Amino acid sequence: MANKKQVENKRGTVARKVKGFRDIDPSLNQLKWKIINSAGQVYKSYGFEHWDTPILEYADCLGKYLPDDDTVDKGVYSFKNPEVEPVLRADGSELRDEDAHVVMENQHLSMRYDLTSPLARRYAEGLLEKYQRHMLNQMKPPLFRRYQFGPVYRYEIKLSPGRFREFWQLDFDNVGTNDVAADAEVCMVLSDALEAIGLPRKSYVVKVNNRKILTGYLKELGVKDDLTEQNIIRVIDKMDKIGLDKVALELGIGRTDDSGAEVKGLGLDEKLVRSVADFIKGFSIQRKRKEVLTDLRKLDIQNEIAQEGIQEMVKIDSILSALDFDEERVIFDPSLVRGLAYYTGPVYEVESLQSYIDSKGVERRIGSICGGGRYDGLVENLLGIKVPATGASIGVDRLAELLMLTNQAPKRKDGPVFIAYFDEELMPHYQKVARDLRTAGIETEVYYGMDKKKMKKQMAYADDKNCPFVVLIGANEAEAGIATVKNLKLGKEIADKFTDKKEWMEQVQKEVLIGELADYLNEQMKG
RNA sequence: CCCUGCGUAGCUCAGUUGGUUAGAGCGCCUGAUUGUGGUUCAGGAAGUCACUAGUUCGAAUCUAGUCGCGGGGACCA
């Protein structure tokens, strides 16, 4: 038996990326930042301000319960803080043992799994900095509107394409408002942001619903406990994926999936299942918002919560309609529920209506690219008070993928102007030329590779980097105070028209006076 | 975690019912090119056939296990 030590000795270090994480190259970065900048600009125009929060938070502040031992719990990356810190009580004071010593502990830290829970922490902490704790019960919590983007982390057990363990979200939220007008605004912001990013009208649709309607309806049907309600919502959330029939089976007796897997059902009684299925079915065809509202009223749900939900939808519609946000952009879909437990009112989701052909020739859809909703219980376990909040999030990586798959990504950006190296003595001259070009606003690079002697290598490097121009200055040019400028871009375009190399080179090269180089390049790059 | 398929050069893949020395295209490297990317031409490097064990005279090919990857499902704050 090979002992542990022998195996241990064979261990080596290999450059490798952590599974589910990825390196982002310049072209993907270009696309990603275009999304962030365009949407951020829209968020800002509505008055949301840019905040950042740390990637690490105390596990309890994120609202997740402490993991057992040091293992990753429920999809969150958590570990013990190497630093020992005082344990606190709910009122913020230090916990002490019988000897009046402060209890110290290595507390659990988590990597943020979304941007909403750090928002709750920031909001709560902001209030505690400003107000005394006992004031919080008496005051109306202040309004706070922020946008934020950055990476979030989830320990996905099964990785599928487009699903990563590190991915970027782009959120905007209102904390401290119960006004449904803010929810209507969320829909408008989402729509405006997506169009600013470049999605054409009708290529996406913002879907809106109100959790209150379904939960009220379920209460009327006799669903009493929250857990059952939560389960029903979870199953209905699969609607898009598996369809009405299978949803009905999962609500009832369960089903066997095509893959052979057994999916156990909730075991609800048949009558209840039928009522729920009918409810969803009644709204499965997309129509005018006003028609949906009429249908909802026809159901004649007596439950107060449901009534309230419908009233809120009426208000949302009236605002959207007044601003000409019609069904091309925002629709009502009472079967939309969103899986997350914490939503309490209006929920939104943006569905991309575009499809693409995958490598196997199968037509596929990206589906949901944004999500959000109203969550009134968010800071409750941090402050002990309810603060109503509403907001939404764009999945940056999902959207970037959508743009690439549907060929809407911007063309690859040109690289810098490239100054080729000929002669060691001319290095100061190259630097001077490069500096002058940069001053004139031209991105410029001097070659420092280790195979400087080989012009071919230099050209290949410039070509690989998508450089538009190469500036060639040898001893002859330097003496004459000129530079040979080679147009790589043009060279590529007309390459197939020439078989003779000399002729082709004459077309793409030009001698320019050093003093006129910057102007010449700027002129050329304009077109 | 459950079901299922796959693993042959850097990449995409051929490889006959198990049979001697494992192939192609692309890419890469060198040269024609005397200071210059495309095209063309000539040449070159590169694989323990994922790993381990078994069946067999003989295994890339068959069997089992392990690892890795893909597809479907369950879970998902």
Side-chain angles (χ1 to χ4, degrees), chain A residues 2 16 19 57 59 61-65 67 72-78 110-118 120 152-161 163 165 230-231 234-235 237-238 241-242 246 250 254-265 338-343 358-360 362 364 371 375 377-378 381 415 418 420-423 426 447 451-478 484-509:
Chain A
R16 65 215 194 280
K19 232 193 298 189
E57 297 276 356
C61 285
L62 288 188
K64 288 299 292 183
Y65 295 109
V72 175
D73 182 63
K74 292 189 180 169
V76 183
Y77 284 101
S78 300
S110 292
M111 289 164 86
R112 63 185 184 201
Y113 50 82
D114 66 14
L115 297 178
T116 313
S117 36
V152 302
Y153 300 86
R154 293 183 197 180
Y155 178 62
E156 301 284 351
I157 295 166
K158 198 203 160 188
L159 297 160
S160 40
R163 204 153 182 200
R165 289 174 173 170
Q230 203 38 244
N231 283 335
R234 205 193 66 228
V235 173
D237 191 42
K238 296 185 186 178
K241 205 166 159 190
I242 62 178
K246 288 177 182 171
E250 277 195 40
R255 66 187 177 93
T256 308
D257 187 77
D258 296 339
S259 69
E262 291 289 328
V263 182
K264 75 171 190 271
R338 309 257 326 141
L340 302 190
Y342 59 62
Y343 292 127
D358 74 3
S359 58
K360 284 168 191 151
V362 183
R364 282 176 184 270
Y375 40 95
L378 190 72
N381 45 358
F418 182 86
Y421 173 104
F422 286 85
D423 201 326
L426 288 173
Y447 191 65
D451 40 15
K452 294 196 195 76
K453 294 290 166 201
K454 299 200 171 172
M455 188 49 56
K456 208 166 186 162
K457 291 272 189 192
Q458 299 196 40
M459 295 305 286
Y461 175 85
D463 191 43
D464 190 50
K465 239 177 142 168
N466 210 26
C467 295
F469 291 94
V470 173
V471 174
L472 301 150
I473 307 171
N476 301 339
E477 283 101 339
T484 300
V485 177
K486 180 161 186 160
N487 191 331
L488 290 191
K489 235 177 163 177
L490 181 67
K492 240 178 262 178
E493 281 164 23
I494 64 170
D496 42 345
K497 291 191 188 118
F498 292 87
T499 45
D500 183 74
K501 192 155 189 163
K502 260 197 179 134
E503 278 180 37
W504 174 63
M505 285 212 341
E506 274 166 22
Q507 289 290 316
V508 298
Q509 279 188 200

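For the numbers below, each heavy atom of this structure counts, side chains included, while hydrogens, waters and symmetry mates do not. Model, not experiment: these values are computed from the prediction. A note on names: the letters A, B, ... follow the listed sequences, proteins ahead of strands, and every chain is numbered from 1.
By the salt bridge (charged side-chain N to carboxylate O under 4.0 Å, His left out) test, Lys456(A) pairs with no residue at all, sequence neighbours left out. Under the rule for a ring pair (Phe, Tyr, Trp, His ring centres under 6.0 Å), Phe469(A) has no partner lying at least two apart in sequence or in another chain. Listed by chain and residue number, nothing satisfies the side-chain hydrogen bond (donor to acceptor under 3.5 Å, both in side chains) test with Lys452(A) (two or more places apart in sequence, or in another chain). By the ring pair (Phe, Tyr, Trp, His ring centres under 6.0 Å) test, Tyr342(A) pairs with Tyr375(A), sequence neighbours left out.
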Each nucleotide N or O in nucleotides 32-37 of chain B that has a protein N or O under 3.5 Å away: list the pair and distance.
from	atom 1	to	atom 2	distance (Å)
rG35(B)	N1	Glu477(A)	OE1	3.4
rG35(B)	N1	Glu477(A)	OE2	3.3
rG35(B)	N2	Gly474(A)	N	3.3
rU36(B)	O2'	Lys486(A)	NZ	3.3
rU36(B)	O2	Lys486(A)	NZ	2.6
rU36(B)	O2	Gln509(A)	OE1	2.8
rU36(B)	N3	Gln509(A)	OE1	2.6
rU36(B)	O4	Gln509(A)	NE2	3.4
rG37(B)	OP2	Lys501(A)	NZ	2.9
rG37(B)	O2'	Asp463(A)	OD2	3.1
rG37(B)	N7	Lys486(A)	NZ	3.0
rG37(B)	N1	Leu488(A)	O	3.3
rG37(B)	N2	Leu488(A)	O	2.6

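A sub-4.0 Å separation between OP1 or OP2 of rA74(B) and a side-chain N or O of Lys238(A) is present. In terms of phosphate contacts, Arg234(A) brings a side-chain nitrogen or oxygen within less than 4.0 Å of OP1 or OP2 of rC75(B).
Across the C1' atoms, rG27(B) and rG18(B) are found 33 Å apart, a figure rounded to whole Å.
For RNA chain B, if you chain together Watson-Crick or G-U pairs that step i with j, i+1 with j-1 and so on, the runs of at least three with distances under 3.5 Å are B:1-7 with B:67-73, B:10-13 with B:23-26, B:28-32 with B:40-44, B:50-54 with B:62-66.
Within the nucleic acid shown, Arg112(A) has no heavy atom closer than 4.0 Å to any nucleic acid atom. When heavy atoms are screened at a 4.0 angstrom cut-off, Lys19(A) is found touching the sugar-phosphate backbone but no base atom. The residue Ile157(A) sits close to a base: some heavy atom pair falls under 4.0 Å.
Both thresholds, 5.5 Å between centres and 30° between ring planes, are not jointly met by Tyr342(A) relative to the base of rA77(B), so the two rings are not stacked.
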